[in-house]
4 protein chains.
Amino acid sequence: MSRPRSQERRSAIISAATRVIAARGLAAPTATIAKEAGVSNGSLFVYFETKSKLLNELYLELKADMGAAALDRLPSDADIRNQLHHVWTNWLRWATSFPEKRRALAQLSVSEDLTAETHQLSADGMAGLAEILRRARADGPMADEPLGFVLQLVTALAESTIDAVLREPANLDSHSRAGFGAMWRVLASADVAVINV
Amino acid sequence: MSRPRSQERRSAIISAATRVIAARGLAAPTATIAKEAGVSNGSLFVYFETKSKLLNELYLELKADMGAAALDRLPSDADIRNQLHHVWTNWLRWATSFPEKRRALAQLSVSEDLTAETHQLSADGMAGLAEILRRARADGPMADEPLGFVLQLVTALAESTIDAVLREPANLDSHSRAGFGAMWRVLASADVAVINV
Amino acid sequence: MSRPRSQERRSAIISAATRVIAARGLAAPTATIAKEAGVSNGSLFVYFETKSKLLNELYLELKADMGAAALDRLPSDADIRNQLHHVWTNWLRWATSFPEKRRALAQLSVSEDLTAETHQLSADGMAGLAEILRRARADGPMADEPLGFVLQLVTALAESTIDAVLREPANLDSHSRAGFGAMWRVLASADVAVINV
Amino acid sequence: MSRPRSQERRSAIISAATRVIAARGLAAPTATIAKEAGVSNGSLFVYFETKSKLLNELYLELKADMGAAALDRLPSDADIRNQLHHVWTNWLRWATSFPEKRRALAQLSVSEDLTAETHQLSADGMAGLAEILRRARADGPMADEPLGFVLQLVTALAESTIDAVLREPANLDSHSRAGFGAMWRVLASADVAVINV
DNA sequence: GATGAATGAGTATTCATTCAT
DNA sequence: AATGAATGAATACTCATTCAT
């Protein structure tokens, strides 16, 4: 019976990859990631068969991390607008608290290495968020659009807001408010809202 | 007195780069681009000192191409909503008509090779679009936000819509309508809605 | 724990570099050197970070090799003239026995890649020879000149003699005798001559 | 009848090559030399078929220049020692007055591009110097050595002295005196001289 | 499993030389 | 002849991956 794989080493590599990719992009050498993780060159390939697999797994972990952060302490019995606002705030807090995770994720999102399976798994992992979104847009102007499309639009708004905040941290509050307002209007535009009142 | 530099060769390289990068990403070898353009690999460096300069110039040309397409036949005396809708439609048509330009542009947009100067020039080139946006959001809920931030949000919606359309071309019309509606609500709906009540 | 770096491979590269540079000059491709050494071109860079470092190390090894050969079996209790003659003979024997080392060394000596540190280390390594020279020129006409300058003159005579011998091996003995005589006169003859009168 | 080659352009190239090679070595691009000469890339090849031919011709011109300088105002009726001293002084003056010529010449001397014919022509050009040397060594200890060999030894001493002077210009006088003394002892050692007196 | 040496395919850029103008 | 664009062979170095220890 040989030495078992160490969960610690795996995490060290994932975490090093986050930092290195945030700093130097997807072209960062695996050797650099290994060194940053404090493991040898060769060990990295024990834990991740290829660089591409490392990238895919890292993407999924970061996505999951972000998704979990977004749903943290969700006030399940609040109204849907407040729930969505809670998620929005969590999301921004995560991105500003872990800028390296956010940067790495942004790089990975455009990587040609991500497989269809990874994209599928990532979508599955977002199910919690999607459910909230589904309720938020009910009876709104996007009620009849494919949920995936709506999720995409909303995500794009969030990402853009995050970018803006990271670029000008001083404007965190105003950007956050404006971004959330925009999102809410996309999903549940004012006239409908007024009628509902 | 000697053979002049040929605008044709330059265009051939730019156009080849668009195709090759769309197909194989930013890591595409300069030799592949040169071959696709029908010139020697040395010639590529006569027209573009470095690969990085090629990328920057290509980005600016594609951005300009897209901007010009968006403003084509703008109905200057129509109301602002119709003008914006015209631009939106043009944009989607450009993206679906020249998917390679769009793909290449998307790749370039996240390239670490783009210089600050390129980003500046690109922003300058978008001034026409920004002006329309400025008028569209006047008196709307985004009236007091930094224009750059608003432009970013709106661009994000457009890009996401384009992605969705490229993925499901059959849904062009419905995606286009839904995307434009979302954008309009981001910019201008709330007050109008209230007034409408 | 892993395969250790092999001294043998390193020597193989050094030795191949000697041969290849002797034959084709400093512009010899690293790939050629690697192939001649029987290692992959990548391996060469495991042992020598850059071509320039390879050149510097090769220079020092050849210099050390030559210096050691020159001092081999030095008759420490012989008079200084005989000691110097012993060194001279050793030097010529080394150059004629290992013409490739000598050729490579000659090329390297004029290389712009040699660093100041290399020149310093090389000078340090020649300390044994310098000491003999210091004693040989004591009370001679060069007694008051900077030792470095005298070393240079004497080295120039030796190198020229070696060149002549390599060009006309048949004249080894007469060239050697004439060269040594010249050197001795440079260092020590005038006063002796006057005394002799 | 087409435009004749211009002697001026040729000189400009030769002179530019001297400067560029002194500064950047033999690997200097022909394009750099052409630009420094104020002519086009292509023109250089009108005047010199290949880079190698340029190097060979440059070598011969510099050698001739140096030789002419050495023999300038030779006091033909002075005794041979004074004649030789005059040559020696001229030589050092030339080297210190035109350090770029000297540097370029030093680089060229070790170039693998120099042909046998060039070396022969160069030797022919040194005939004037050789003649003086022949007389200087008559009855001396080198009287029976091949003149070429003696010329080589003497040249080596001169070159080394020049190097030392260029490195420490303050020591011009003492180095010059010591170097000449060494040369004279090589050719016409003191004891012989004393006997002659 | 852990290590780091070994491998060799891959790539931007340079440069002597040629050639169209 | 003069020019400078066109060419393509040449080359140092990188890096994902494999493998001996």
Side-chain angles (χ1 to χ4, degrees), chain A residues 1-6 9-10 27-35 38-55, chain B residues 1-6 9-10 27-35 38-55, chain C residues 1-6 9-10 27-35 38-54, chain D residues 1-6 9-10 27-35 38-55 113:
Chain A
M1 212 194 280
S2 61
R3 194 175 339 184
R5 287 194 202 174
S6 139
R9 290 174 98 80
R10 190 182 182 285
T30 53
T32 303
I33 295 171
K35 174 177 269 187
V39 304
S40 76
N41 194 0
S43 270
L44 187 148
F45 289 92
V46 170
Y47 290 88
F48 304 93
E49 256 179 285
T50 64
K51 185 181 189 182
S52 182
K53 291 206 173 156
L54 167 61
L55 261 25
Chain B
M1 224 177 216
S2 78
R3 189 185 330 193
R5 251 184 238 192
S6 141
R9 288 175 106 79
R10 204 195 112 93
T30 53
T32 303
I33 294 171
K35 174 177 271 188
V39 304
S40 73
N41 60 17
S43 273
L44 187 147
F45 290 92
V46 169
Y47 288 88
F48 304 94
E49 268 178 275
T50 63
K51 185 180 185 182
S52 182
K53 290 208 172 153
L54 168 60
L55 261 27
Chain C
M1 222 178 217
S2 79
R3 189 188 327 195
R5 253 184 235 192
S6 139
R9 288 176 106 78
R10 204 196 112 94
T30 53
T32 303
I33 295 171
K35 174 177 270 189
V39 304
S40 73
N41 59 20
S43 274
L44 186 148
F45 291 93
V46 169
Y47 289 86
F48 305 94
E49 268 178 275
T50 62
K51 185 180 186 181
S52 182
K53 290 209 171 150
L54 168 59
Chain D
M1 212 192 282
S2 62
R3 195 174 339 183
R5 288 195 201 173
S6 139
R9 291 175 97 81
R10 189 182 184 287
T30 53
T32 303
I33 295 171
K35 174 177 268 188
V39 305
S40 75
N41 194 0
S43 270
L44 187 147
F45 289 91
V46 170
Y47 290 87
F48 304 93
E49 255 179 285
T50 65
K51 185 181 188 180
S52 182
K53 290 206 173 154
L54 167 60
L55 261 26
D113 276 305

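- Taking the nucleotide of DNA chain E with the nearest heavy atom to each of D/Ser52 and B/Thr50, the more 5' of the two is matched to B/Thr50.
- Taking atom CD1 of residue D/Ile33 and atom P of nucleotide E/dT17, one finds them 11 Å apart after rounding to whole Å.
- Rounded to an integer number of Å, the gap from B/Leu44 CG to E/dT11 P is 14 Å.
- Considering CG of A/Asn41 and NZ of A/Lys35, their distance stands at 10.5 Å, rounded to 0.5 Å.
- Ranked by how close their nearest DNA chain F nucleotide is to the 5' end, B/Ser6 and D/Val46 are led by D/Val46.
- Phosphate contact (OP1/OP2 of E/dA2, side-chain N/O of A/Tyr47, threshold under 4.0 Å): present.
- The 5' end of DNA chain E is approached more closely, in terms of each residue's nearest nucleotide, by C/Gly38 than by the other of B/Ala31 and C/Gly38.
- Here the CZ-CG distance, from C/Arg9 to C/Leu44, works out to 11.0 Å after rounding to the nearest 0.5 Å.
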Restricting to nitrogen or oxygen on both sides, can you table the protein-nucleotides 18-20 of chain F pairs closer than 3.5 Å?
residue: F/dA20; atom: O4'; partner: C/Arg3; partner atom: NH2; Å: 2.9

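- The nearest whole Å value for the distance from the CZ atom in A/Arg10 to the P atom in E/dA2 is 14 Å.
- In this structure, B/Lys53 atom NZ and E/dA12 atom P are separated by 17 Å, rounded to whole Å.
- Rounded to a whole Å, the NZ atom of C/Lys51 is 8 Å from the P atom of F/dT11.
- The shortest distance between the side-chain N/O atoms of D/Thr30 and the OP1/OP2 oxygens of E/dC15 is not below 4.0 Å.
- Remark: B/Arg5 is not in phosphate contact with F/dT3, judged by side-chain N or O atoms under 4.0 Å from OP1 or OP2.
- Close to F/dA5, at under 4.0 Å from its OP1 or OP2, lies no side-chain N or O of B/Arg9.
- For the pair B/Leu54 and B/Ile33, the minimum side-chain heavy-atom distance is below 4.5 Å.
- When rounded to the nearest whole Å, the span between NZ of C/Lys35 and P of E/dG8 equals 11 Å.
- Across the helix from E/dA2-F/dT21 to E/dT21-F/dA2, the helix axis at one end is tilted relative to the axis at the other end by 0° (nearest 10 degrees, each axis from five pairs).
- Between C/Ser43 and E/dT7, a side-chain N or O to OP1/OP2 separation shorter than 4.0 Å is present.
- For the pair D/Arg10 (side chain) and D/Arg5 (backbone), a donor-acceptor distance under 3.5 Å is absent.
- Although no hydrogens or angles enter the test, the distance criterion places a donor-acceptor pair under 3.5 Å between the side chain of C/Tyr47 and the main chain of C/Ser6.
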